Amino acid sequence: MTRPLIGISCYSERADYWIMRDDDVVLVPRTYVDMVLAAGGVPVLLAPVNGAEEAVDALDGLLLTGDQDVDPARYGQVAGAHTDTPRTGRDAADVAALHRALGRGIPVLGVCRGLQLLNVALGGTLHQHLPDVVGAQVAGAHSAGPGVYAPVPVLTEPGTRAAEILGPGPVTVRCHHHQGVDRVAPGLRVSARAGDVVEALEWSDPAGPGGTDAPWVVGVQSHPERDAEDLRLARALVAVATRARSRAFRPVRLAG
């Protein structure tokens, strides 16, 4: 059996490379690609453009990566002073890829922004700036500075996929985020926390009527791709994606 194909959502940015300066590029940190490879999957890069979601039909799993903030207009809010300039094209492409994956029932792993997008796409909301909610000192542990992925201890909820994969905790993860989950979307449940900060969400019936065929949809606020020694989440994604190659998974039935 060939290795499973894992789609990785990409960024659209201005960047310098080779002889080019300030050019439009599609990119993704190499750490995501290396993580999927190390876990036994084949990475497939998904450009953040209209129509790219059609490629999901050929995939066995989807990895929604981090990046800048999800547009608050998607959850009915006006952007605050600390919220990034919206990347509306990327938001639309990622939501389309997510819904395509959910409709096929293939596994989905959301990382940082990927968790937030998962929650928003299914009807949840976000705290736009955690210091305004939990205080600067607590929030600072989750966003220690540019390029810093700080260690944060989290506790997983018993009976969840997060607990099965990571253990009961405290589990140390690497974080860099100033936003967080507010209202949890229908169909999702909190599966890990760091104090009052939601650190993981997942589909609410991992052991439901479908048993092992139940939807495997997991989002973490941390950055597992920044810890080359910890492949637990990536290996779990690849393991389920491998099964997806040989059997039909039931699609996610969305509210409404």
Side-chain angles (χ1 to χ4, degrees), residues 1-10 28 32-46 52-66 93-122 156-157 159-166 185 187-192 199-225 230-254:
M1 181 181 294
T2 57
R3 293 182 293 162
L5 303 179
I6 307 298
I8 302 176
S9 64
C10 293
V28 70
Y32 289 106
V33 173
D34 289 343
M35 180 177 72
V36 169
L37 283 169
V42 177
V44 178
L45 304 188
L46 298 178
E53 72 277 4
E54 294 180 23
V56 174
D57 291 349
L59 300 177
D60 305 301
L62 177 64
L63 171 57
L64 296 171
T65 62
D94 281 3
V95 169
L98 170 63
H99 281 290
R100 196 87 165 206
L102 295 177
R104 291 190 57 224
I106 64 172
V108 176
L109 174 62
V111 169
C112 196
R113 177 190 188 277
L115 169 143
Q116 296 169 4
L117 182 123
L118 171 67
N119 190 51
V120 170
L122 297 184
T156 57
E157 292 291 332
T160 62
R161 295 197 190 281
E164 177 185 356
I165 296 166
L166 300 176
L188 298 178
R189 66 169 170 172
V190 176
S191 53
E199 283 292 327
L201 294 174
E202 61 187 56
W203 194 248
S204 60
D205 63 344
T212 57
D213 290 342
W216 197 98
V217 181
V218 176
V220 294
Q221 190 62 83
S222 57
H223 283 269
E225 84 285 358
D230 187 357
L231 295 173
R232 288 174 292 180
L233 284 160
R235 283 176 174 154
L237 171 66
V238 168
V240 181
T242 300
R243 297 201 302 272
R245 294 184 71 86
S246 59
R247 69 170 84 170
F249 279 64
R250 67 179 171 92
V252 172
R253 304 302 181 188
L254 303 179

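Since we're looking at a predicted model, the values are computed, not measured. Index from 1, following the sequence.
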Which atom pair, heavy atoms only, marks the closest approach of G66 to C112? CA-CB, 4.4 Å

When every non-hydrogen atom of A236 is compared with those of W216, the smallest separation belongs to CB-CZ2, 3.8 Å

Please step through side chain to side chain contact (heavy atoms under 4.5 Å, CB included) for the pair L46 and L59, ending with a clear verdict. CA-CA 11 Å; L46 298 178; L59 300 177; 4.2 Å; yes

Measuring from L233:CG to H223:NE2, what's the distance to the nearest 0.5 Å? 12.5 Å

Counting N and O atoms only, with roles assigned by atom type, does the side chain of R104 sit under 3.5 Å from a partner on the main chain of V56, one being a donor and the other an acceptor? yes

For I106 and D60, work out which heavy atoms get closest and say how close. CB-O, 3.7 Å

Any idea which heavy atoms bring L231 and A39 closest together, and the distance? CD1-N, 4.5 Å

Determine whether a donor-acceptor pair (N or O, by modelled atom type, separation under 3.5 Å) exists between the side chain of E202 and the backbone of R161. yes

Are the side chains of D230 and P224 in touch, meaning some heavy atoms are under 4.5 Å apart? no

Looking at CG of D94 and CG of L98, how far apart are the two atoms once the value is rounded to the nearest 0.5 Å? 8.5 Å

Check whether any side-chain N or O of Y32 sits under 3.5 Å from a backbone N or O of C10 as a donor-acceptor pair, and report yes or no. no

Assess the residue pair R3 and L37 against the criterion (side chain to side chain contact (heavy atoms under 4.5 Å, CB included)); give the C-alpha distance rounded to whole Å, side-chain angles, the decisive distance to 0.1 Å, and a yes or no. CA-CA 10 Å; R3 293 182 293 162; L37 283 169; 4.2 Å; yes

Report the distance from atom CG of L188 to atom CG of L115, rounding to the nearest 0.5 Å. 8.5 Å

Nearest heavy-atom approach of E157 to V190 is CG-O, 3.6 Å

What is the distance from atom CG of L118 to atom CG of L102, rounded to the nearest 0.5 Å? 7.5 Å

Looking at S204 and G187, would you say the former's side chain and the latter's main chain have a donor-acceptor pair under 3.5 Å? yes

T156 OG1 to E199 CD distance, which is reported to the nearest 0.5 Å: 12.0 Å

First locate atom CD1 of I6, then atom CE of M35, and finally report the distance between them rounded to the nearest 0.5 Å. 10.0 Å

Shortest non-hydrogen contact between V111 and S222, atoms and distance: CG1-O, 3.4 Å

Does any N or O in the side chain of T65 come within less than 3.5 Å of the main-chain N or O of S9, such that one atom is a donor and the other an acceptor? yes

Please test V33 against L45 for side chain to side chain contact (heavy atoms under 4.5 Å, CB included), starting from the C-alpha separation and ending with a verdict. CA-CA 9 Å; V33 173; L45 304 188; 4.1 Å; yes

